[in-house]
Amino acid sequence: MTVATGWETAAELIFRPRVGELLFNTVALVLATVPLCIVIGIAAAWLVERTQLPGARFWSLVLAAPLAVPAFVNSYAWVSTIPSLGGVGGGTLISVLSYYPLVYIPAAAALRRMDPALEQSAASLGLGRWRTFFRVILPQLWLPITGGALLVGLHLLAEFGAFSMIRFPTFTTAIMEQYQSTFNGAAANMLASVLVFICLLMLLAESRLRGNARYARLGSGVASRPPALPLGRYRVAAVVGVLALAVLALGVPLGNILRWLVAGGAEIWNLPVIGETLLQTLGFGVAGALLTVVLAFPVAWLAVRYPGWFTKMLESTNYITSSLPGIVVALAFITVAINFARPLYQTVPLVIAAYVLLFLPRALVNLRAGLAQAPQELEEAARSLGSSPFRTFFRVTLRLTAPAAAGGAALVFLGIANELTATLLLAPTGVNTLATRFWALSSEIDYTGAAPYALILILLSLPMTYLLYTQSQKAAGQ
């Protein structure tokens, strides 16, 4: 599109005051949100995993639960509470409350599987609690910190609904405005090019900051967890802190949804429309999840069974492409469809193809782990007993990797159910998902009508959040 637009026109569209304003908002949002998510996520994980926090098991689940609340639903709840909310401050508040679990969950898992012998050695050398934390524990949390920060940053670049609702302009909201109001594909694509550039800078920064340090240990380590630290006079403050975080991140959205449900009464439960929307969401989710798992399987198979430079490049390409904001991927599909495959424009297959591209890594990660844990010797034994490759695949390999495939499919399904921007741009006229229907009603300030869709979205997401939490427990050997 840059070449087709022409370098002079592209430069005019990129180097203009509006882009500078969007760039400032985006950078300010990232610089404010990412550090806060890191601090809150690490502090919450430390309190739950390493201190005598009353009800630690309960809080560990509650603090992960906000991940089940889509950011645009969170924004809807906060706008209902504070109608004047906006600007960098409002965007930061909503983003932190929506995305801090992306740091909290991996940090808590890392704290669980950390070898306590290192801390005991530090204590025997005379280091106090704070010095032990900063010199021994915090360096071992570097991977969850950098990985979580990258996920938060990428979500900030991709988010549309949350920021549009508080009228905070970012690249994503500006791209949507250019496309929907003026149908200016060139301007939208040039904004997308800047957004992609920022995205790639984030990926490079995370890779550089992550480094090549070794965090694994040889042997099994100490077969016990370190004793939980007493909170002493900070006990009440710690409980109040996690309670306040839970109320702000989970209580406010759930409370406002229930408030609008009560205010709307039975009239807002338009069961035929809700049922049709739910069925369309389930259809998109099931079709997208199945196709994504099927297409991810060969990539995972090659990566595990035949590692090499080609398979590594193939796998990395999927991760890089899927890290791009959904609106950029959707805009690319629209551009290609209009110019080269017009019959596919605004069709269900085009929407499903975009879902596959966006969520392939969710299936790939699970399948890769499942195949790595499936002994290749069992396949060889089946072949030696006369089983054909086809029968061996279905009777041995597929059965061994079925749980991993199911987990990947569930992750993809929920990603599709909560996806907003790509669906808004690509879905055929008259086709709605729970997310797009919620967005249409909330954009019209029909908060009571949007409440049932918000509730259903959260109920669909809660099981997956619990699955992520339990998987992190298993990874830690708990």
Completion exercise
side-chain hydrogen bond (donor to acceptor under 3.5 Å, both in side chains) pairs touching residues 404-421, sequence neighbours excluded, are N418-S461, E419-T421, E419-T423

Handout entry: Pairs involving residues 161-173, ordered by first then second residue, that meet side-chain hydrogen bond (donor to acceptor under 3.5 Å, both in side chains) (sequence neighbours left out)
Key = none

Handout entry: Any side-chain heavy-atom pair of V239 and P54 under 4.5 Å
Key = yes

Problem - Heavy-atom side-chain contact between Y355 and L360 under 4.5 Å - result: no

Problem - Any V348 side-chain heavy atom under 4.5 Å of P428 side chain - result: yes

Exercise for the section: Determine yes or no for a side-chain-to-main-chain donor-acceptor pair under 3.5 angstrom, with Y104 supplying the side chain and S60 the backbone. Expected result: yes

Handout entry: Any R437 side-chain heavy atom under 4.5 Å of L434 side chain
Key = no

Practice task
For L53 and A238, work out which heavy atoms get closest and say how close.
Solution key: CD1-CB, 4.0 Å

Problem - Among F160, Y453, Y76, ring-ring contact (aromatic ring centres under 6.0 Å, His included) partner for W439 - result: F160

Handout entry: Exam field: side chain R362 to backbone G408, donor-acceptor pair closer than 3.5 Å
Key = no

Exercise for the section: Would you check if the side chain of E159 reaches a backbone N or O of G161 as a donor-acceptor pair within less than 3.5 Å? Expected result: yes

Exercise for the section: Hey, could you give me the CD1/CE distance between I327 and M176, rounded to the nearest 0.5 Å? Expected result: 4.0 Å

Exercise for the section: May I ask you to test the W269-L261 pair for a side-chain heavy-atom distance under 4.5 Å? Expected result: yes

Problem - F72 and F438 aromatic centres sub-6.0 Å - result: yes

Practice task
Could you check if a side-chain atom of S84 sits within less than 4.5 angstrom of a side-chain atom of I82, using non-hydrogen atoms only?
Solution key: yes

Exercise for the section: Begin from the C-alpha positions of S80 and W260 and carry the test side-chain hydrogen bond (donor to acceptor under 3.5 Å, both in side chains) through to its verdict. Expected result: CA-CA 9 Å; S80 301; W260 288 118; 3.0 Å; yes

Exercise for the section: Evaluate the side-chain proximity of V431 to F284: yes if any heavy-atom separation is below 4.5 Å, no if none is. Expected result: yes

Problem - Side chain to side chain, I94 and L85, heavy atoms closer than 4.5 Å - result: yes

Exercise for the section: Check whether any side-chain N or O of T436 sits under 3.5 Å from a backbone N or O of T433 as a donor-acceptor pair, and report yes or no. Expected result: yes

Practice task
Without swapping roles, check the side chain of S75 against the backbone of A71 for a donor-acceptor pair under 3.5 Å.
Solution key: no

Completion exercise
Residue set satisfying side-chain contact (heavy atoms from CB on, under 4.5 Å) with L291, at least two apart, ordered chain then number -> L295, I352, V356

